[in-house]
Amino acid sequence: MESHDVPATVLFKLWPQIEANKNKIITGTVVVLAAVAIIFFISWRHQQNQIAAGDALTQTLISIPPNADPSRLSGGYLEIADSYAGTPAGERALVEAAGILFAQGKYTDAQADFQRYLDEHPDDQFSGLAALGVGRCMEAEGKIDEAKGQYQHVVTDFADEQSVNQARFSLARVNMQQGHYTDAFQGFQQVLNADPYGALGNEARQYAFELQSKLPRQAPNAPSSSFNLSH
């Protein structure tokens, strides 16, 4: 029975201290409760913001008419990106806007938006795609050496295998256009090894086959041993 009286005894002994410091205790409790409420509210608002961003992006996607004005569409995506910055939907909207600007031939504006994404989200899910977009814009503007450096940057520094393989292909294509046939052939081989049955791999196979006649006699044998260009 005595064991049941221990909490009451302890409380009785501490009660004078509690009474003397009750204002501090009340204040501390209020502060803790306020902090918990603020954290809960911020978390709730963050979730609501993500939901709203997703809804806005979905609404934009499903409301695109067949003859949509590209400028208006890219502006809509940019508005979502600005209004819902920091959400996955806002991030995707920024990349979508850059892609539309690129398709319109507005390479400077597209590059700026791709770069904006990289600056704000250097390691997110669309970072490799955005870095590839920067390279494509450079190439389209005739900045070939800068584009090659950007493509190599994607290959070396990003983990998104799809973007990396696209960058390898673009780099090989530029090398082929510049007459660097051995480098181009090896680049197309890497693409084919990474994507042997995909559309990009098939295109790489065709380019590699065309390049064989332009290579030094000893060059095709060693690299081509890892795949068969005839299939």
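One-based numbering along the sequence shown. A quick note: this is a predicted structure, and the numbers were derived from the prediction, not measured.
Nearest heavy-atom pair, Asn165 versus Gln190, reported as atom, atom and distance to 0.1 Å: OD1-O, 4.1 Å. Smallest separation of non-hydrogen atoms from Ala131 and Leu118: CA-CD1, 3.6 Å. For Asp124 against Ser127, the heavy-atom pair with the smallest separation is N-OG, 2.8 Å. Residues Asp113 and Ala98 share a closest heavy-atom pair of CB-CB, 3.7 Å. Closest approach of Gly201 and Leu192 over heavy atoms only: O-CD1, 3.4 Å. In this structure, Ala184 and Leu211 approach most closely via the heavy-atom pair CB-CD1, 3.8 Å.
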Original post:
Going through the distances and angles, do Gln166 and Tyr151 end up as a side-chain contact (heavy atoms from CB on, under 4.5 Å)?
Top reply: CA-CA 9 Å; Gln166 288 277 355; Tyr151 292 144; over 6 Å; no
**OP:** Start with the C-alpha gap between Phe126 and His121, add the side-chain angles, then the distance that decides, and say whether side-chain contact (heavy atoms from CB on, under 4.5 Å) holds.
**Re:** CA-CA 8 Å; Phe126 300 118; His121 315 285; over 6 Å; no
Original post:
Taking it one step at a time, do Tyr117 and Glu120 satisfy side-chain contact (heavy atoms from CB on, under 4.5 Å)?
Top reply: CA-CA 5 Å; Tyr117 182 93; Glu120 296 176 359; over 6 Å; no
Subject >> Arg173 vs Glu139, salt bridge (Lys or Arg N to Asp or Glu O under 4.0 Å): CA-CA, chis, key distance, verdict >> reply: CA-CA 11 Å; Arg173 177 174 42 74; Glu139 183 183 351; 2.5 Å; yes
**OP:** Go through the steps for Asp145 and Gln178 under the test side-chain contact (heavy atoms from CB on, under 4.5 Å), then give the verdict.
**Re:** CA-CA 11 Å; Asp145 289 338; Gln178 292 182 325; 4.0 Å; yes
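Asp119 and Gln115 share a donor-acceptor pair across their side chains, judged by distance under 3.5 Å alone. Gln189 and Arg168 are not linked by any side-chain donor-acceptor pair at a separation below 3.5 angstrom, with hydrogens and angles left out of the test.
With a 4.5 Å cut-off on side-chain heavy atoms, Gln206 and Phe188 do not count as touching. Phe158 places none of its side-chain heavy atoms less than 4.5 Å from the side chain of Ser163. Annotation: side chain of Tyr207 is in contact with side chain of Phe169 (closest heavy-atom distance under 4.5 Å). Contact of the Thr108 side chain with the Gln111 side chain is not registered, since no non-hydrogen atoms from C-beta on lie closer than 4.5 Å. Taking the side chain as every heavy atom from C-beta outward, Lys148 and His153 never approach each other to under 4.5 Å. Proximity of Cys137 to Val134: side-chain heavy atoms (C-beta onward) are nowhere separated by under 4.5 Å.
Here Arg205 contributes atom CZ and Tyr197 contributes atom OH; the two are 8.5 Å apart, rounded to the nearest 0.5 Å. In this structure, CD on Gln125 lies 9.0 Å from CZ on Arg92, to the nearest 0.5 angstrom. Atom CG of Asp195 is separated from atom CG of Asn202 by 7.5 Å, given to the nearest 0.5 angstrom.
Applying the ring pair (Phe, Tyr, Trp, His ring centres under 6.0 Å) criterion to Tyr181, with sequence neighbours excluded, gives no partner residue.
For Glu141, the CD atom is densely surrounded, since the number of other residues' heavy atoms within 6.0 Å is greater than 12.
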